[in-house]
Structures are given as C-alpha cells and as structure tokens.
Amino acid sequence: MRPTDADELCRLTATEIAAHVRTRTLSPVEITEAALTRMETRDKELGAFCTPTPDHARAAARRIEDALARGEDVGPLAGVPLGVKDLICTKGIRTTSGSRAYADFVPDEDDIVVERAVAAGAVVLGKTNASEFGYGPTGDNPLFPVTRNPWDPSRTSGGSSAGSAAAVAAGMAPVALGSDGGGSIRLPAALCGLVGFKASMGRVPVYPGCRDERYPGVNGWESVEHIGPLTRTVADAALLLSVLAGPDPRDRHSIPCGDVAWTVRRPVGRLRIAYSPDLGHIAVDPEVRRVVENAVRVFERDLGADVELVDLELPDYVEAFGAIVATETDLTGMREMAERLGDGMSPHLRALLATPWTAEQLTDASRVRKAVANRLARLLSTYDLIVSPTTAVAAFPVGMRGPREIDGRVVDEDHWTTFTPIANMASLPAASLPAGLTAQGLPVGIHVIGRHLGDAALLDACAAFEAAAPWPLLPPDRSGDRAVQGARGR
C-alpha cells in the first residue's frame with residue numbers, strides 16, 4: 001500500500017523507499033520533502049545535522065525524478081535520503097570535522113563512499129554532527145551545539161557518529177554514514193536503538209579521510225578506521241554496504257568483496273557463540289547486563305545457538321589502543337593546530353597531544369594489538385561469533401564524556417566504550433544490534449563480532465536475531481508523532 005503522509009514516508013526503510021521510487025509509486029521529491037520537513041520539526045531540539053543541505057537535496061531528488069522519467073536506471077539507493085558524518089568529505093559541501101581549524105573547509109572531492117552512494121541514487125540531506133576529528137565518544141565539539149538522543153533529548157546519542165545516529169533514530173533519514181575507529185558507529189547505534197555495522201578492514205574503502213596527508217586531524221586512525229552504515233534494519237545495512245564495498249586504488253588497504261553478496265539470508269545454521277558479559281574486566285550497569293543476557297537467550301532459545309560463557313583472556317588493551325591512535329595521529333601538525341586554537345580545541349584532544357609519548361609505549365601497543373588479534377582469531381576458530389554488550393551503560397546526560405562510576409566501581413570516563421575497540425584492533429567485522437530497553441526506556445545494544453572476512457555470515461546472524469526479536473523502528477516522539485511499534489519481548 002502506498003504511504004500517504006509525511007510521517008508514514010519517514011517511517012519507511014531505505015529498502016522500501018528504493019523499491020517505491022524505482023517502480024515510481026513514490027516520487028524521490030516527495031520522499032526528500034518529507035525528510036526535510038522532519039528535519040525542520042525535530043532537529044532544533046536534537047542537533048543531528050550541523051550543515052543541512054536542503055537545496056542540494058532537492059536538486060538531487062529532481063535529477064533522479066527526471067532520470068526515472070527518461071527510463072534510466074537510477075541505482076539501488078534510488079531516492080533514499082542519507083546523512084553523512086561531518087568527518088567524511090563531501091565535494092562542495094562544508095566538512096568541518098567538528099573543529100574550528102576546518103570551520104570553513106569545503107572539499108574539492110567526495111570521499112569514495114559518498115561518491116558511490118550518490119552514484120547509486122542516494123540524496124544527501126547534509127552533514128551530521130561529530131566529536132572533534134572523531135576523538136571522542138559523544139557529540140560534543142567546539143563548533144556546534146551538542147547532539148541529543150531522540151529517545152531522551154536530555155541524554156547523549158553517543159559518538160563519535162553522534163549526528164548520524166540521532167538523524168536515523170529520529171526518522172530524519174532512513175540511513176546515515178558513520179565512521180568507526182574504535183566503536184564510533186556501534187556506540188551511538190547502541191545508545192539510539194539502531195543497527196551499526198563495521199565491516200572487515202578494507203571491505204569499504206576510505207579516501208581522502210584518514211589517508212590524505214595534507215589534512216592534520218582528518219588524516220588519523222588509518223589502520224583502525226572504517227566507514228559504514230547506521231540504519232534501522234539489518235537489510236538496510238546490507239543494502240548500503242552493497243553500494244559502499246569494493247576496492248579502490250586510492251585506498252591501499254581496500255580489498256575485493258566478490259565473496260560477499262551483501263544480502264541477508266535466513267535461517268542460519270546452528271551457531272556457536274562465545275558470550276562474555278564483561279570481557280573479564282569491564283564494569284557494566286546491571287540494567288545493561290540484564291537486557292543483553294535476555295537478548296543472548298534469543299540466540300539460544302529462538303535460533304538454537306550453542307552459547308557458552310567464556311573468558312576472552314585478553315591482554316590489557318585499553319592503554320594500547322590509545323597509543324595506537326596517537327601513533328596514527330599527525331602529532332606535529334595537530335600540535336601546531338592546538339597552539340593556534342588554544343581553548344578552541346576540545347580539552348581531551350589537547351590532553352592527547354600534550355602527552356609525551358615514548359617509543360616503548362608505541363611499540364608495546366603494537367605488540368598488544370597482535371596479542372588481541374591472535375587471541376580473537378583462536379577463539380573464532382572454535383566459535384562463529386563473539387557476543388557481549390556494546391556499551392557498559394545506556395545513554396547518560398549530555399555534558400558528560402562518560403560516567404565516573406558504574407555498578408559501584410570508580411572508572412575512567414571512557415570506560416563505558418571499551419567493549420568495541422577490540423574489533424578494530426583485530427580488523428574483524430562487528431555490529432551492534434538493539435537488544436531491548438532499560439527500565440527507564442533507554443535502548444541497549446548487543447555487540448556481535450564475526451570471523452575475519454566473515455561479513456556475510458555476520459549479516460546473516462544479525463538478520464536472524466532481528467527476525468526473532470524485532471524492535472521499534474522509531475522511538476516514542478515527544479512532539480506528538482506516532483511511534484512505530486514492534487514486538488519487544490526482551
């Protein structure tokens with residue numbers, strides 16, 4: 001049945017929109033106007049888009065409509081509205097990376113993923129807010145208002161792909177691009193009740209972001225950085241990946257993807273799952289633990305998986321991960337930038353740049369990374385998936401980097417983020433899926449790591465879980481919109 005009003009159009013998935021547009025039962029112009037109207041009503045409160053581009057979006061929608069009238073193939077993302085994280089370059093559209101140093105920067109080329117998405121028919125609605133250069137787990141930066149969570153606007157949407165998550169969760173766009181160097185797709189996906197997917201290293205090419213040596217700050221995190229989708233459904237994540245994935249000569253890390261169809265299949269075979277509620281060292285909020293344990297039972301009870309509680313026996317990787325980030329940061333260029341900007345740079349970023357890193361710290365980090373990768377590889381030779389919470393807490397109030405106490409333990413303010421970096425260190429595919437809600441009505445994510453290059457199997461497992469335990473596609477809307485209801489049961 002053809003959706004008739006703007007609210008219904010904003011509830012459609014990307015897969016549904018593309019099908020309607022290709023068959024001309026919906027106009028891309030109509031879809032785009034609905035998305036822009038939603039942005040006008042919701043984004044004043046949420047701050048998801050730091051640089052909206054309504055004129056650009058309308059022009060793109062008209063081009064697609066004209067192409068359809070000529071009988072042309074407009075691509076698999078035909079007319080799908082798309083948010084693009086402000087760390088990802090967009091030709092002719094301001095890309096600030098959340099920094100005063102790039103407040104007026106307008107790239108002269110698209111990042112590869114934007115180039116591919118637009119060629120496939122996507123309509124870019126604008127740039128979504130992020131922490132400065134992605135060096136932070138929330139949507140705070142010196143340039144723009146903080147991004148807020150659609151489930152509770154007094155709370156953070158997570159980060160660093162903060163605006164992308166908020167835009168999708170609020171129904172402003174069905175899909176958005178995020179980047180993930182240590183969890184920056186999966187963390188906000190968990191806090192906003194979304195699917196966040198980070199493919200195996202090299203599946204999705206990255207350029208110029210983190211590859212172009214000319215741009216201090218923008219060019220960091222090279223060996224751990226990924227770009228991927230934030231979506232409401234696993235099928236939409238697969239659809240976007242089908243467009244984004246594949247090698248490109250501009251990214252020397254990119255690899256072929258002929259072994260992945262980027263579709264989802266159900267049912268899956270009998271899965272063997274290694275489950276760790278805390279990776280052996282992470283303080284976890286009891287409500288998060290409860291919701292994730294209930295979600296793990298879905299794998300066991302409804303999907304027939306063999307679930308085993310395991311001790312991952314990982315080395316202490318938290319400090320090593322920070323040193324890896326420092327290794328891949330242009331310390332010379334960014335220290336000069338910090339001197340120019342002074343208090344105009346995020347305090348945590350200034351602290352990282354002021355650290356007197358030693359050669360031993362950096363080489364020790366490389367050794368620890370190898371140990372993490374080897375341990376996970378050995379574990380995944382026995383199990384199909386490693387499952388844990390995505391975050392140690394649900395969304396917390398804006399203005400915080402993270403809670404200082406979790407389940408009675410005094411912790412570092414970034415402690416809540418420490419489930420996700422291991423997948424980046426080991427180059428493994430990983431996803432966050434909505435696991436359920438806390439008693440306060442806040443989303444919780446379940447983190448699923450697959451085998452090296454096992455992206456197809458991971459997508460299949462995620463789709464099977466989604467089918468067994470569906471979730472609401474949009475949160476309750478305090479502005480009066482109806483929420484899309486789904487079975488919760490977890």
Side-chain angles (χ1 to χ4, degrees), residues 1-42 52-84 114 116-126 167-177 194-195 229-244 261-266 459 463 466-467 470-475 477 480-486:
M1 183 176 177
R2 185 187 189 280
T4 56
D5 64 30
D7 288 344
E8 289 178 328
L9 294 176
C10 289
R11 294 188 185 95
L12 293 175
T13 67
T15 303
E16 291 167 336
I17 289 170
H20 277 298
V21 169
R22 282 196 300 271
T23 58
R24 304 187 71 179
T25 54
L26 283 176
S27 158
V29 173
E30 184 180 15
I31 293 286
T32 299
E33 289 299 334
L36 293 174
T37 298
R38 184 88 170 180
M39 286 172 62
E40 289 174 6
T41 59
R42 294 305 314 276
T53 56
D55 293 341
H56 181 280
R58 290 185 174 106
R62 288 194 295 271
R63 285 195 298 272
I64 294 167
E65 190 163 66
D66 291 344
L68 285 165
R70 295 191 297 268
E72 298 175 8
D73 180 6
V74 293
L77 296 179
V80 173
L82 176 73
V84 179
V114 176
R116 290 179 175 181
V118 170
V123 174
V124 174
L125 298 176
V168 176
M172 291 182 258
V175 293
L177 294 177
L194 301 174
V195 177
L230 287 127
T231 65
R232 297 182 210 130
T233 68
V234 177
D236 277 3
L239 174 63
L240 202 54
L241 286 164
S242 73
V243 169
L244 305 180
W262 302 114
T263 56
V264 293
R265 300 165 297 173
R266 299 189 305 268
L459 277 170
E466 177 185 57
W471 50 78
L473 296 184
L474 291 176
D477 189 335
D481 288 350
R482 299 181 304 276
V484 175
Q485 299 300 321

Is the shortest heavy-atom distance from the side chain of Val175 to the side chain of Leu239 under 4.5 Å?
no
Donor-acceptor check, side chain of Arg38 to backbone of Leu9, threshold 3.5 angstrom: yes or no?
no
Can you confirm whether Leu68 sits close enough to Pro28 that some side-chain heavy atom of one is under 4.5 Å from a side-chain heavy atom of the other?
yes
Given 3.5 Å as the limit, does a donor-acceptor pair link the side chain of Thr32 with the main chain of Val29, or not?
no
Do Leu241 and Pro229 come within less than 4.5 Å of each other through their side chains, counting heavy atoms only?
yes
Ala463 and Val264: which non-hydrogen atoms are nearest, and at how many Å?
CB-CB, 3.7 Å
4.5 Å side-chain heavy-atom contact, Leu125 and Leu36
yes
State, with a plain yes or no, whether a side-chain heavy atom of Val84 is found less than 4.5 Å away from one of Leu82.
yes
For the student: nearest non-hydrogen atoms of Ala237 and Val195, plus distance
CB-CG1, 4.2 Å
Qualifying side chain to side chain donor-acceptor pair (under 3.5 Å) pairs with a residue from residues 230-239, counting only residues at least two apart or across chains
Thr15-Asp236
Are any side-chain N or O atoms of Arg116 and backbone N or O atoms of Leu244, one a donor and one an acceptor, separated by less than 3.5 Å?
yes
Gap between atom CG of Leu77 and atom CD1 of Ile64 - 0.5 Å precision
9.5 Å
Any side-chain heavy atom of Ile31 within less than 4.5 Å of one from Pro81?
yes
Report yes if the side chains of Leu177 and Leu240 come closer than 4.5 Å at any heavy-atom pair, otherwise no.
yes
